[in-house]
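Below is one structure, written out as structure tokens; comments come after it.
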Amino acid sequence: MDFKLIEAKWQKKWEETGLYKFDRDRVNKKYYCLEMFSYPSGAKLHAGHWYNYGPADTFARFKRMQGYEVFQPMGFDAFGLPAENYAIKTGIHPEESTLKNIATMEGQLRRIGAMYDWDYEVKTCLPEYYKWTQWMFLQMYKHGLAYRKEAPVNWCPSCNTVLANEQAQGGVCERCGSQVTHKNLNQWFFRITAYADELLDCIDKLDWPEKTKLMQKNWIGRSYGGEIEFDVKDSDLKIRVFTTRADTLFGVTYVVLAPESPLVDCLTTDAQRAAVEEYREKSAAATEIDRLSTTREKTGVLTGSYAINPINGREVPILVADYVVAGYGTGAVMGVAAHDERDFVFASKLGLPIERVIKGAEGQDDALPFTQYGVMVNSGEFDGLASEEGKKAVINKLASMGKGCMKTNYRLRDWLISRQRYWGAPIPIIHCEHCGDVPVPEEDLPVRLPHNVNFTPDGESPLKKCEEFINTTCPVCGRPAKRDADTLDTFVCSSWYYLRYPDSKNDKQPFDSDWINKMLPVDKYIGGAEHACMHLLYARFFTKALRDMGYLNFDEPFLSVVHQGTILGPDGNKMSKSRGNVVSPDDSIIKYGADVFRVYLMFGFNYIEGGPWNESGLDSINRFFERVERLVKKCYELAFKDAPLGKAEKELNRVRHTTIRSVTNDLGNFSFNTAIARLMEYVNAIYAYEGGVSEKNAVFKDCVRDLVLLLAPFAPHVAEELWEMLGMKYSVFDQAYPVCDEKATVPDEVELAVQINSKLRGKIMVATGADKAEIEAAAVDAVKGALEGKAVKKVIVVPGRLVNIIA
RNA sequence: GCCGGUGUGGCGGAAUGGCAGACGCCUCAGACUUAAAAUCUGAUGUCCGAAAGGGCGUACCGGUUCGAGUCCGGUCACCGGCACCA
């Protein structure tokens with residue numbers, strides 16, 4: 001078989017006949033199969049891309065053969081940092097490099113032989129797409145889900161520019177190596193926390209990997225506790241702290257503020273000012289991961305002010321320490337050294353008092369720090385209360401004093417969407433001196449990204465320096481005003497693209513709600529596990545927000561999610577240009593064709609796990625195809641008789657149906673490797689039959705026909721060719737996937753292993769359908785020599801597998 | 001550091017708590033061939049043994065169970081994410 005010829009032949013035929021055009025009239029049978037779209041980086045698809053898209057296409061084809069109207073679109077997540085960095089380095093405009101990369105990738109994606117319907121393609125960097133991304137922002141704004149506040153960015157004082165976390169690894173600028181610090185900027189946020197409860201409570205209903213659901217739950221991180229207000233001595237200021245352990249309030253020996261907290265300025269005494277300023281500067285250089293590390297040395301300084309514990313009036317010092325972060329809770333914590341690990345270490349280091357207020361149960365080791373629940377002591381009227389009740393009692397008491405309340409807190413933070421970069425969708429807001437922040441009227445969208453912009457890093461958002469972009473008039477008062485110079489986080493673009501695909505050409509609205517409500521939710525979403533917390537959560541948030549605005553009638557965008565693993569370079573590292581370990585599929589495809597490569601990727605790895613590249617089995621797939629082709633040819637060369645099934649035929653037919661059953665199950669679970677193993681065993685069984693019988697029963701032909709059908713989703717070009725060789729009508733993908741006849745899978749008798757304890761002692765043949773007593777009797781009879789006169793205590797029969805005799 | 005995951009022959013990888021290593025690669029032997037390639041057949045975890053057979057084996061330590069790769073507790077190693085890579 002000449003793979004090059006047949007690939008070209010069938011791809012052309014598929015295109016000419018419009019085989020994969022989505023039939024909108026069959027929307028009631030729709031199956032929305034979505035693969036995460038690609039970032040158009042570099043020039044070529046590597047083996048990893050094929051790994052993402054080839055097996056996913058096999059799944060989509062399988063669904064099609066099961067009778068679904070499969071919608072499988074493809075597009076590009078085209079805005080982002082790499083194109084901009086590439087432009088800074090080479091001078092090639094991001095638009096040029098991105099569109100060129102997309103064109104290359106489109107061609108390469110076609111070679112995979114996937115059944116994408118390219119009519120629905122989206123590219124997020126085109127105005128006809130980002131117009132609606134901006135529209136999304138405006139809806140969020142109008143519904144109170146977008147707001148502006150000060151937030152820190154990574155700042156390189158030497159390059160005078162904002163850095164992405166990726167560019168500031170280890171706290172060092174990747175361009176110049178200087179120490180990265182933080183700088184506050186006024187930036188836009190989406191109020192994702194407004195949906196924290198729903199995002200959390202709906203997770204259990206989703207058919208997603210359990211680990212992903214768990215990670216998302218922990219990411220949202222709901223905790224129930226209380227907010228407690230501390231007065232500041234000789235001041236009107238108040239400090240509010242969040243705690244899940246109000247039962248330890250009597251043990252507070254100090255209060256800590258995050259260095260970024262605005263209270264720090266007001267609370268620092270003159271005597272402490274120099275020390276506090278120095279400390280704040282130092283902690284501005286630390287990364288958040290470092291700051292939250294439990295093993296990092298705890299540091300902190302006194303502000304010189306004192307807080308008053310509302311429960312007992314005790315004065316405790318107020319400190320600044322960077323193990324407290326501004327973003328979580330209130331940015332202030334009460335220090336209970338005796339009952340919290342971090343507080344204990346911190347207090348020990350700084351010589352702050354440590355006072356026990358919780359006792360463990362009788363006989364329990366309750367050495368300090370004792371962080372479990374126990375019984376309150378040294379806590380006045382609350383002594384003797386268990387932690388659970390104590391927490392409530394303390395908060396209730398504080399509430400009656402106006403000093404506290406119950407509070408639910410989330411680890412989830414609002415989503416910062418402003419980027420001080422060029423290559424993104426401009427934020428459709430106009431800043432007017434008289435009218436404040438004014439949204440761009442919807443009819444004025446898109447706010448076009450200007451082409452001629454100097455985006456070399458010099459301390460300003462690139463768009464700020466583009467006069468014709470930044471200067472505009474206020475849509476409300478008509479006076480001169482400035483556009484927002486920032487662009488949207490690319491996660492905003494990818495939070496709604498699945499809604500755009502089915503209606504990608506709509507120029508009146510982002511999508512037609514009636515149509516989208518029929519096409520969504522996505523039935524199967526396939527992509528990397530690295531998106532478990534951010535992209536998947538953002539997309540869920542968008543869906544829920546748009547639902548509440550009345551644009552959608554469903555709650556969740558992705559009913560079922562599957563993560564594929566990563567194909568690493570042969571050295572076991574992530575493929576990257578800089579490591580020089582990128583595996584190109586080109587050589588293999590020239591040698592063997594796309595189908596061999598696709599099938600090898602599915603056979604050689606566990607799809608969910610991935611692994612280091614290793615091509616030692618590629619040849620075996622080629623061999624496998626040749627074996628199948630030879631069987632197809634045999635259908636013409638051999639003589640057949642229509643006769644009842646003999647023993648050999650029955651066995652062959654049994655293997656046929658068990659194969660259909662397992663391949664169908666395996667495809668449903670994305671266990672492509674075991675599915676192909678079953679197909680290979682099936683081929684071996686057909687060969688064994690063919691070699692052992694002189695005159696072939698007609699069942700042989702049926703078996704070969706089913707083999708081609710079973711193989712079709714895996715190797716689409718080869719299967720079309722074989723289907724034609726069998727004299728069948730185009731196309732194999734209009735055929736139904738074979739269905740298992742359960743009756744045919746039942747053998748006449750089964751072999752059971754019989755063992756005594758863990759020692760294997762023998763095997764017995766038992767007629768199918770034998771009852772438990774018969775099996776037990778046969779098993780005891782088979783091993784009675786080994787029982788050494790001992791009585792049989794218990795017999796455990798594992799159906800179809802083994803009989804375990806306990807003597 | 002925190003959250004989540006993974007760990008099985010020379011290799012890729014299979015195993016609803018029930019015969020570990022399916023299927024394939026590599027290697028070896030045999031058939032066919034003048035020869036080679038291709039193809040076909042067989043062997044192939046490891047140790048002892050000529051063989052029959054037996055011992056040991058799923059990162060490490062411990063536990064639950066008639067029975068553990070699988071469940072539980074701990075250790076180590078590696079991978080993903082940690083909010084401006086996408």
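Within every chain, numbering begins at 1; the chains are lettered A, B, ... in the order of the sequence lines, protein sequences first and strands thereafter.
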Report all interatomic pairs (protein N or O, nucleotide N or O of nucleotides 83-86 of chain B) with separations under 3.5 Å.
from  : atom 1 : to     : atom 2 : distance (Å)
B:A83 : O5'    : A:N165 : ND2    : 3.3
B:A83 : N6     : A:R411 : O      : 2.8
B:A83 : N1     : A:R413 : N      : 3.0
B:C84 : OP2    : A:R419 : NH2    : 2.9
B:C84 : O4'    : A:R419 : NE     : 3.2
B:C84 : O4'    : A:R419 : NH2    : 3.4
B:C84 : O3'    : A:N165 : N      : 3.3
B:C84 : O2'    : A:N165 : N      : 2.4
B:C84 : O2'    : A:N165 : OD1    : 3.2
B:C84 : O2     : A:R421 : NH2    : 2.3
B:C84 : N4     : A:Q187 : OE1    : 3.0
B:C84 : N4     : A:Q420 : OE1    : 2.7
B:C85 : OP2    : A:N165 : N      : 3.4
B:C85 : OP2    : A:E166 : N      : 2.7
B:C85 : O4'    : A:E166 : OE1    : 3.1
B:A86 : OP1    : A:L81  : N      : 3.1
B:A86 : O5'    : A:T490 : OG1    : 3.4
B:A86 : O3'    : A:D77  : OD2    : 2.2

What is the nucleic acid contact for [X], judged by heavy atoms within less than 4.0 Å: base, sugar-phosphate only, or nothing?
X	answer
A:F603	base
A:G610	sugar-phosphate
A:R630	sugar-phosphate
A:N684	sugar-phosphate
A:M680	sugar-phosphate

Rounded to the nearest angstrom, tell me the gap between atom [atom1] in [X] and atom [atom2] in [N].
X	N	atom1	atom2	value
A:F624	B:U39	CZ	C1'	17 Å
A:N614	B:G10	CG	C1'	12 Å
A:E609	B:G4	CD	C1'	14 Å
A:Y607	B:U6	OH	C1'	19 Å
A:L292	B:G81	CG	P	18 Å
A:L214	B:G80	CG	P	19 Å

Straight-line distance of A:F672 CZ to A:M602 CE, nearest 0.5 Å: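 The CZ atom of A:F672 sits 6.5 Å away from the CE atom of A:M602.
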
How long is the straight-line distance from CZ of A:R175 back to CG of A:N85, given to the nearest 0.5 Å?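 Here the rounded value is 6.0 Å.
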
Would you please confirm or rule out a distance under 4.0 Å between OP1 or OP2 of [N] and any side-chain N or O of [X]?
X	N	result
A:R291	B:G1	no
A:N218	B:G4	yes
A:R801	B:C19	yes

How far does the [atom1] atom of [N] sit from the matching atom of [M], given to the nearest Å?
N	M	atom1	value
B:A59	B:U8	C1'	10 Å
B:G45	B:C11	C1'	13 Å
B:A37	B:A31	P	14 Å

Between [options], which one does the side chain of [X] approach most closely?
X	options	result
A:N673	B:G1, B:G24, B:A14	B:A14
A:R678	B:A22, B:G4, B:C66	B:A22
A:T674	B:C66, B:C23, B:A22	B:A22
A:A677	B:C66, B:G80, B:C23	B:C23

Does A:K149 count as lying over the ring of A:F189, i.e. NZ or CZ under 6.0 Å from the six-ring centre, within 45 degrees of the axis? yes

First encountered from the 5' end of RNA chain B, between A:G572 and A:G611: A:G611

Checking A:K464, A:Q187, A:R421, A:Q420 against A:D486 for side chain to side chain donor-acceptor pair (under 3.5 Å), the one that qualifies is A:Q420

Taking syn as a glycosidic torsion within 90° of 0 and anything else as anti, which one is B:G9? syn

Between [X] and [Y] (judged by ring centroids, cut-off 6.0 Å), do the two rings come close enough to count as a pair?
X	Y	value
A:W496	A:F491	no
A:F190	A:Y538	no
A:F558	A:Y498	yes

Can you tell me the Watson-Crick or wobble partner of B:U34, both distances under 3.5 angstrom? none

Give the C-alpha distance, both sets of side-chain angles, the deciding distance and a yes or no for salt bridge (Lys or Arg N to Asp or Glu O under 4.0 Å) between A:R296 and A:D290. CA-CA 7 Å; A:R296 179 169 177 258; A:D290 281 342; 5.5 Å; no

